[in-house]
Amino acid sequence: MRDVKRIEIVIDKPHEPAVLDVLRDLGLPGVTVMDVATGYGDRGARDGGELSDAMSNRYLLTTCTADQLPALTEAIEPLLHKYGGLCLISDAQLIRNA
Amino acid sequence: MRDVKRIEIVIDKPHEPAVLDVLRDLGLPGVTVMDVATGYGDRGARDGGELSDAMSNRYLLTTCTADQLPALTEAIEPLLHKYGGLCLISDAQLIRNA
Amino acid sequence: MRDVKRIEIVIDKPHEPAVLDVLRDLGLPGVTVMDVATGYGDRGARDGGELSDAMSNRYLLTTCTADQLPALTEAIEPLLHKYGGLCLISDAQLIRNA
Amino acid sequence: MDLLLSPPILFFFLGVLATMVKSDLEVPKPVARLLSLYLLMAIGLYGGYKLSASGLTGEALAVMGIAILASALMPLGTYAVLRLRLSNDDAAAIAAAFGSISAVTFITAVAFLQEADIPYSGYLVASMALMESPAIISGVLLARLAVSGSAKGEERSGIAGLDWRELGRESMLNGAVIVLVGSMVIGYATGEKGWAAVEPLMYDPFKGVLCLFLLDMGLIAAKRLGDLRRAGVFLISFGIVGAVVQGLIGVGVGWLLGLSHGDTLLLAILFGSASYIAVPAALRLALPAANPSLYIPLALAITFPFNIIVGIPMYHAIIRAISATPPT
Amino acid sequence: MDLLLSPPILFFFLGVLATMVKSDLEVPKPVARLLSLYLLMAIGLYGGYKLSASGLTGEALAVMGIAILASALMPLGTYAVLRLRLSNDDAAAIAAAFGSISAVTFITAVAFLQEADIPYSGYLVASMALMESPAIISGVLLARLAVSGSAKGEERSGIAGLDWRELGRESMLNGAVIVLVGSMVIGYATGEKGWAAVEPLMYDPFKGVLCLFLLDMGLIAAKRLGDLRRAGVFLISFGIVGAVVQGLIGVGVGWLLGLSHGDTLLLAILFGSASYIAVPAALRLALPAANPSLYIPLALAITFPFNIIVGIPMYHAIIRAISATPPT
Amino acid sequence: MDLLLSPPILFFFLGVLATMVKSDLEVPKPVARLLSLYLLMAIGLYGGYKLSASGLTGEALAVMGIAILASALMPLGTYAVLRLRLSNDDAAAIAAAFGSISAVTFITAVAFLQEADIPYSGYLVASMALMESPAIISGVLLARLAVSGSAKGEERSGIAGLDWRELGRESMLNGAVIVLVGSMVIGYATGEKGWAAVEPLMYDPFKGVLCLFLLDMGLIAAKRLGDLRRAGVFLISFGIVGAVVQGLIGVGVGWLLGLSHGDTLLLAILFGSASYIAVPAALRLALPAANPSLYIPLALAITFPFNIIVGIPMYHAIIRAISATPPT
Ligand SMILES: Nc1ncnc2c1ncn2[C@@H]1O[C@H](COP(=O)(O)O)[C@@H](O)[C@H]1O
Ligand SMILES: Nc1ncnc2c1ncn2[C@@H]1O[C@H](COP(=O)(O)O)[C@@H](O)[C@H]1O
Ligand SMILES: Nc1ncnc2c1ncn2[C@@H]1O[C@H](COP(=O)(O)O)[C@@H](O)[C@H]1O
Ligand code: NA
Ligand code: NA
Ligand code: NA
């Protein structure tokens, strides 16, 4: 059981690959991605992607160490500025298989 | 990157609109809604809504400032008492576009 | 509004019942289960379970008291070692109906 | 027995079996939603089409009127009985579910009639559509009247604090009701030509889709059975006896009106079936204090299987028997 | 009016109605995806099959060439008009959507022709496939040219920093385009024999599936209407006037080429319809700064309903009228 | 080559292509589940119906018996070979997958026979159902025997700690197995009448649905190919050579038993195909230490495409060749 930073990212589904690239480049150990049903934010309401992914979001959950955090936020911030969405950072303890 | 209160709400899907109204009335900046596959609580097990939404839940994730929190909890609590479900509050840091 | 430990577990869908048994045995008050769209970890990428659940994950959210935590982690750890997945523990405050 | 050997019923058993043996078989939620959407559209379009052919006869209007009355009034009796053992809201909720109808039971009965080459009239589909909502309103009113003038200042309880517009919306604008009524109107309006356009999807594969849907119903019903452990003998026997009593009233009405064999059977099924889709969805909002783990499993895991396995052939036999002696 | 009384259109109205009355009716996302996947496959296979029968005539090649040009060039005009009121990226995005096509509108027009027993040629389906992407490229180029040489050092803006490979991918490899083109090629390659194998799924239930899909389109379109509150009169009227102007160009082209009634109608619909599936999906990547809550609702909630309710019968009448006087 | 020009195979290629070019095309999970559920029900019902017509002949029982044996015993040989390079659990898992069958490969072969108007017997479907589970049990036993008496006190490893009931459940009660067997029993029990009721859904659109499903299979198979980078030449060549060897055993058995051309081809496909649905689902529980990123991609991205593209026509040609010289 070790301390980690718990990272949540909500992003337009079309831009999810860009976020995943960032996580991989930083060598993060893993990620869990979930579909977002609906939501709203500065850019108005989002649908569930009935017709295309253009208006639908995805939710990503990942973890990193305290030292990895600055690099992560620095890499994510421009994406959020360009594409919208958000990133939530909180403290947690992680149990993993070894 | 600013400190926020991270709010999670699980509610019967039929009552989701009531919760969203509360969030809008409080002028919260946004929300992310996800489908709940299954779950159980005091009122027993829930299904995934195969036949109707009567027995299915939804998961809402939102954020607010420390000063908004009391108003939010005060507005949410009666809904939870009447309809069941839960609300989890934790501390987090938020990165948003501007 | 009371302090709780907020528990998140990601596990192969076929092993979800084993985890739910653990939670029930510990008498945890409830759980919320969500589908995982995709993800990756030490054992490589996971799909959304298009063909079977063999390669798909599920996400479980539950809560427990600080005293229940040791028993929970002790019961969950062997499952994670055997089956993979992860468990995240963080602090939160809970609002429930009563 | 022929009906028991029909694929749809056997797939229901297969679903029950799969749950019993803890198989991981599951029909994804969106698929279940698609199947019920299809079945409602198909039966609505067909009923409307048949109605456009036969026209709104006096018989049709009479039966439809009686159907509305039955849906609105039957809950009064069942509520009284259920109050003997249940809380006010639970009794009202179950009364509403049994006053309303189960479209899938009706559809299974239609498939039974098709197998047996027994004709039926389009206005029975209209009657089904008309029976969905009145029972919901009656149930809510019963629950409210009971607490009226009570000390509780809770704004929602009591007939006074009742939001009629809201109640109308919740009882009549449920998705299932909209699709059924809408499809019927469309089938009626477009008649022969419209039916020809949709028939290849909405009629031919109908029984096959019913197999898929009943497979899922079996899976779900068996899962829900567990919830009834807490329910007790009284409730479970009500799920059968209450249904049969209401079903026999339907047989009687059909007999008195001199309806055809098929129409009488469908009327019995409408009276004797209980809603586990439209009504629960509405009651979560209109009667949140009623426990869905009581009225849903009862309608879904007791009354529904009873009707498609025992009820349909039973009413079939009874109607054949009495049809020998028409009312004088 | 006959088309308005056709089941698909009526189901669209039903969907709109359900949203208006705040019903909880919804078509799950995966189902909506399945329905549009089916419709694209079905129309693609059928078009390819018809093309394999008729062969690639000179007329076919001419129309297909003109279709590509129209998709690429029409955005220039609309962009100029839209710039009067809109931001650079929004104007370019809307111009792209209107230069491209709406497969569902085309499919609804095909169903209309089938109802009226009016023949049409397979190469119109090919033209549809060919028109999806050029408008996207034009739109992006317009947006980039406008900012070229501007001070902004933002790497993505400006024609210089343009990643052509990426743009090609995003405009031509969208899922909807792949399925439509792929199905057409498969239908063409397998011809008579292949069509015989898929016809029971891909042709007979076609109109019925269209009913289901338009029901969902009605639900979604009505929901999106709200987004247009902020859009203003200019944009909303563009959604109709712009569409009609482009549609009439299509009628003119068909008339000059002496195309058949059915082919001219479909060409008008291709020119006059706006994309709310393929184009938005591509623009989220290629023009992220353009606001999807503008161009999607406009194409989906204004232009699409206008076309299937007013546009199709209107062009139908116009073509009948002018077809009396062929070009000399 | 005719089969390669059949729509289902071409849609598989389309799916592979879409993944290769990084298109965003995707078939939502619930839709994929619906399609495979449909295909299993359809083939099960049809096989059961044919069996009810032909009856359980001696030939039928013989082939079904041999099928069970083959599924149970083939893993012994393949396990021995795979142990040369792979861990104990991985070798056992792959042996189990190849001893079991791929329903979709079988269904594609059935579609091939229908195209070529080659008859086949219903008991081949029964054989498919019977072959799913024995290989799973064999695989698990092999893995356990290997570690039996080893120092590891881990309760699950070793034949001693084996929970037979559990293993039976996991190998025989997988959703896919239940639906296939259940549908076959229902088809058998309801015979002519039952088949007539479901045929419009379960037979006519069959090939069209197969197109949709193989499109998705192409998308998924191409995605999974990447996982095999780590797998190495040995495993990938086993995915082809191992399959062909087993397939040829099937041809031999069919030849010795003097089975018809169609039946022999299907037997070859059952022997030579590898499971990527039922077996992996069971092995996650029964052999959690086996790496699914090895045995799933191997069966899905190597053996499956090889069989539907090369295997089926190859066995077809071989059988035609040897059928000239019947066994004496
Ligand atoms: N404060 C928030 N809490 C939770 N989710 C949010 C919040 N703000 C935005 N989102 C999510 O991020 C998506 C994009 O936000 P935006 O870029 O502001 O439109 C929204 O559709 C929501 O799903
Ligand atoms: N302690 C808990 N942790 C996570 N989810 C919970 C918890 N308690 C309740 N829930 C969720 O809230 C829903 C309603 O709870 P209840 O009103 O107690 O039946 C349940 O079906 C669960 O999805
Ligand atoms: N660091 C992480 N953050 C979020 N999710 C993770 C992380 N590591 C693993 N997961 C999830 O757990 C699943 C199984 O992980 P593993 O057993 O390492 O393959 C992955 O497919 C992810 O969905
Ligand atoms: Na009733
Ligand atoms: Na256009
Ligand atoms: Na095999």
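None of these values were measured; they are calculated from a predicted model. Letters A, B, ... mirror the listed sequences (proteins, then strands); counts begin at 1. The figures that follow rest on heavy atoms only: side chains count, while hydrogens, waters and symmetry mates do not.
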So which atom in Glu115(F) and which in Ala197(E) form the shortest heavy-atom distance, rounded to 0.1 Å?
OE2-CB, 3.8 Å
Taking side chain as everything from C-beta outward and backbone as N, CA, C, O, which of these in Lys29(F) sits under 4.5 Å from a heavy atom of chain E? Side chain, backbone, both or neither.
neither
Return the CD1 to SG distance between Ile186(E) and Cys211(F), rounded to the nearest 0.5 Å.
7.5 Å
Side-chain heavy-atom pair Arg169(E), Val21(F) within 4.5 angstrom cut-off:
no
Checking Thr190(E) side chain against Ser6(F) main chain: does a donor-acceptor pair fall under 3.5 Å?
no
Nearest-0.5 Å distance, CG of residue Leu201(E) to CG of residue Leu212(F):
6.5 Å
Can you say whether Leu34(F) sits under 4.5 Å from chain E via the side chain, the backbone, both, or neither, judging by heavy atoms?
side chain
Please classify the contact of Leu35(F) with chain E as side chain, backbone, both or neither, using a heavy-atom distance under 4.5 Å.
neither
How many angstroms lie between atom NZ of Lys22(F) and atom CD of Glu166(E), to the nearest 0.5 angstrom?
9.5 Å
Using a cut-off of under 4.5 Å for heavy-atom pairs, which of Ser183(E), Ala42(E), Ala176(E) has the most such pairs with chain F?
Ser183(E)
Would you call Leu173(E) and Asp24(F) a side-chain contact if the rule is heavy atoms closer than 4.5 Å?
no
What option among Asn174(E), Val185(E), Val177(E), Val31(E) has the most heavy-atom pairs under 4.5 Å with chain F?
Asn174(E)
Main chain of Val27(F), side chain of Arg33(E): is a donor-acceptor contact present, judged purely on distance under 3.5 Å?
no
Rounded to the nearest 0.5 Å, the CG atom of Leu215(F) sits from the CE atom of Met41(E) at a distance of 6.0 Å
Please look at Pro205(F) and chain E and tell me whether the side chain, the backbone, both or neither of the residue comes under 4.5 angstrom of a heavy atom of that chain.
both
Looking at CD of Glu26(F) and CG of Leu37(E), how far apart are the two atoms once the value is rounded to the nearest 0.5 Å?
11.0 Å
Nearest heavy-atom pair of Pro28(F) and Pro30(E): which atoms, and what distance?
CB-CB, 3.7 Å
Contact between Phe11(F) and Leu45(E) at the side-chain level, heavy atoms closer than 4.5 Å - yes or no?
yes
